[in-house]
There are 2 protein chains.
Amino acid sequence: MPKMSDVAKLAGVSTATVSRVLRNPDTVTPSTKEKVLEAINQLNYQPNMLARHFRRTETNTILVLVPNISNTVFSEIVGGIEEEAAQNGYRVLLRNTNNQLENEYASIEHLKQRQVDGMIMLSPKLDEETLIEISHQYPIVLATAHLETPTIPFVSIDNVRSSEKATEHLIRLGHRRVAHISGPMYSLISRNRYEGYQNAMKNHGLNPEDKFVREGEFTYESGYEHMLDLLSQKEVPTAIYAASDDMAIGAINAANELGVKVPEDLAVVGFDNIKFASMFNPSLTTIAQPLHGMGQRSMELLLKKLNGEAISQTEHVLPDKLIIRDSCGAKHKEKLLPM
Amino acid sequence: MPKMSDVAKLAGVSTATVSRVLRNPDTVTPSTKEKVLEAINQLNYQPNMLARHFRRTETNTILVLVPNISNTVFSEIVGGIEEEAAQNGYRVLLRNTNNQLENEYASIEHLKQRQVDGMIMLSPKLDEETLIEISHQYPIVLATAHLETPTIPFVSIDNVRSSEKATEHLIRLGHRRVAHISGPMYSLISRNRYEGYQNAMKNHGLNPEDKFVREGEFTYESGYEHMLDLLSQKEVPTAIYAASDDMAIGAINAANELGVKVPEDLAVVGFDNIKFASMFNPSLTTIAQPLHGMGQRSMELLLKKLNGEAISQTEHVLPDKLIIRDSCGAKHKEKLLPM
DNA sequence: TTGTAAGCGTTATCAC
DNA sequence: GTGATAACGCTTACAA
């Protein structure tokens, strides 16, 4: 493999000049630049990135921590990150944490060892204090995460408000016994969504009763189990808002199994707008997050940090959207109740 | 940040010894090892990986080329790769090709510039000749790919045989007008699956007519469109084998829309066993590939290449499985026709 | 067993 | 505008 000194020799210049041609082409006279480029071409020279990274102590690589790469929600965000990164000459290193806290801890080593220039964490499990501490030392950005005290840049939607919308939609369809299957309560997102559910209920003079609330884990199985449970009570909900589409689909299948028809007997609203939400039968009414855009925005923020630019705004709340399909029964109604 | 020389100074040894403690602990006496480890601890020393990589001209990083990270088929394979890689001290760099040939080409640069030690390509689009040429220079492994002349290690299932099984299953349920929605024909996998369909038909004395075959693109939309088309003919199929679950689901929804009931009026078999296959209504009969295992095996093979071990076997065909659920109507039948 | 010292290929700091 | 040269931090012959 030819090295820079080979190019220099062939072009009759010094390595310094070759380096300049590569990195600051304007600081060198056109004629010598010509010669150098010619030599580079002739030798088919490729700069040794390892040497460059070493010398410059930067890698042009960022790390993305993903709770579960097979979850379409995360993989779409990664897609957005990847695109923005590629456009800016950065590569994306991926790490599956499998929802394990220890894997998040372990990933910090990559930053410490300067193996990556920065990190984007999707739905981090680490406590806020630790995150802030990391953030003091390394460039990090959070996505689908929300902080009580936003000192670290993060990208998210307004989970409280979106949950209010989802719940309100069900209430305006005339439902009063609206149940909620939440995500795990250790996650702030889940707590926010739960809060939104409660707000909407109270705002409409309804009492969010404990017997209509279940703590799930965002998974199909947890939605399925909790729905079976909810429907086995004496008083049964007529509508349910699940904090993820996976859970919503689980809930619908559980209802079906008990002969409860969706949306006729049970109205369902989910969250995430996964690819299958529109393919499922009945198609899912759900909250759509701008996943690709969230990935992009996260990378934009990280780029700013990497370039030493000041980030005036750390809280980046993108607009979500309630997508009305069949599972809520809205299409059978003539009109909604007033707000 | 403390460097190796700091550790050496504190421990009262040379950097060479520190290096040895880190990489060949057995070649140094326990007592000095003790001292060095003590110093490392005290300084909270982390080796500078950039320097190490540079010096050793290796990165402990591999590149995975993914046609589409949001596709659960690929993300599950990536999961398997990731796991095996992590266990062996390798990191996984991810690159989305978006099914673009030029992105596959561009990724070779990473290898040339020694930014990664090796590469796993999922469903590569590059022609066999080019792949072989790359393989002569760099360690690569293919997954969900099949070569005519297997000179590069690859991991796959037997797509011809699995398609035969899928088609045969429908035939044994009594269907004679069995249609096929294939993947894009530029892909060998699609051609193999088509071949399997044809084999099964012919083996049972049926004629695989052109009017019952459509070339899709593995996507939901293409399955949907082609099904509408198939059902608009005078003679209509009673069963369909789609080369992907996404297409199968599209086909089912198209049928539903036309009032054709699945499985009563139309039996459907898909391919991939995506997560959603079991959640869909009707649940999908489909071919399951051992995705996680395929990822793992690919990484195992790449590790062998990276370690300079000989790979005696390049063709790694893992077992697939026909998973019988509701969409094919088998559960309504008393028994299948004989083979 | 341990230390010395010469690189690895690039970039940055000086002079010129 | 260009060149000489000293790093960057680690690894590894080779010597002791």
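Numbered from 1 within each chain, the chains take letters A, B, ... in sequence-line order.
- Using a 4.0 Å cutoff on non-hydrogen atoms, no part of residues 30-40 of chain B comes near DNA chain D.
- Note on the helix from C:dT1-D:dA16 to C:dC16-D:dG1: terminal axis deviation equals 30°, with five pairs used at each end and the result rounded to 10°.
- Listed by chain and number, the residues in a side-chain hydrogen bond (donor to acceptor under 3.5 Å, both in side chains) with A:D117 are A:T59 (sequence neighbours excluded).
- Side-chain N or O atoms of A:E104 include one that pairs as donor or acceptor with a backbone N or O of A:K125 at under 3.5 Å.
- Among pairs with a residue in residues 108-150 of chain A, those fulfilling ring-ring contact (aromatic ring centres under 6.0 Å, His included) read A:H146-A:F154, at least two apart in sequence or across chains.
- Sorted by first and then second residue, the pairs that involve residues 18-57 of chain B and meet ring-ring contact (aromatic ring centres under 6.0 Å, His included), not counting sequence neighbours, are A:F54-B:F54.
- Formation of a donor-acceptor pair under 3.5 Å by the B:E76 side chain with backbone atoms of B:L291 is not found in this model.
- Using a 4.0 Å cut-off, no side-chain N or O of A:S14 falls inside it from OP1 or OP2 of D:dA4.
- Using modelled atom types, no side-chain atom of B:N24 and backbone atom of B:D26 make a donor-acceptor pair closer than 3.5 Å.
- Across A:L302, A:I62, A:T61, a single residue satisfies side chain to side chain contact (heavy atoms under 4.5 Å, CB included) together with A:Y90, and that is A:I62.
- Evaluation of the salt bridge (charged side-chain N to carboxylate O under 4.0 Å, His left out) rule for A:K275 yields B:D246 as partners, not counting sequence neighbours.
- Every side-chain hydrogen bond (donor to acceptor under 3.5 Å, both in side chains) that B:T219 has, sequence neighbours left out, goes to B:S222.
- Here the CG-CE distance, from A:L131 to A:M121, works out to 5.5 Å after rounding to the nearest 0.5 Å.
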Extract from the structure each pairing of a protein N or O with an N or O of nucleotides 6-10 of chain D at less than 3.5 Å, listing the distance.
| unit_1 | atom_1 | unit_2 | atom_2 | d |
| --- | --- | --- | --- | --- |
| D:dA7 | N3 | A:R55 | NH1 | 2.9 |
| D:dG9 | OP2 | B:K3 | NZ | 2.6 |
| D:dC10 | OP1 | B:Y45 | OH | 2.5 |
| D:dC10 | OP1 | B:N48 | N | 3.2 |
| D:dC10 | OP2 | B:M4 | N | 2.6 |

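- The structure places CD1 of A:I134 at 8.5 Å from NZ of A:K112, a figure rounded to the nearest 0.5 Å.
- Using modelled atom types, no side-chain atom of A:T15 and backbone atom of A:S5 make a donor-acceptor pair closer than 3.5 Å.
- Residues satisfying the side-chain hydrogen bond (donor to acceptor under 3.5 Å, both in side chains) criterion with B:R23, sequence neighbours excluded, are absent altogether.
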Under-3.5 Å N/O pairs linking protein and nucleotides 13-16 of chain D:
none

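- On the nucleic acid side, DNA chain C has its first and last nucleotide under 4.0 Å of a heavy atom of chain A at C:dG9 to C:dA12, going 5' to 3'.
- For B:E315, there are no salt bridge (charged side-chain N to carboxylate O under 4.0 Å, His left out) partners two or more places apart in sequence or in a different chain.
- B:V18 comes within contact range of no nucleotide atom at all, as no heavy-atom separation falls under 4.0 Å.
- Remark: side-chain polar atoms of A:T144 are not paired, donor with acceptor, to backbone N or O of A:L122 under 3.5 angstrom.
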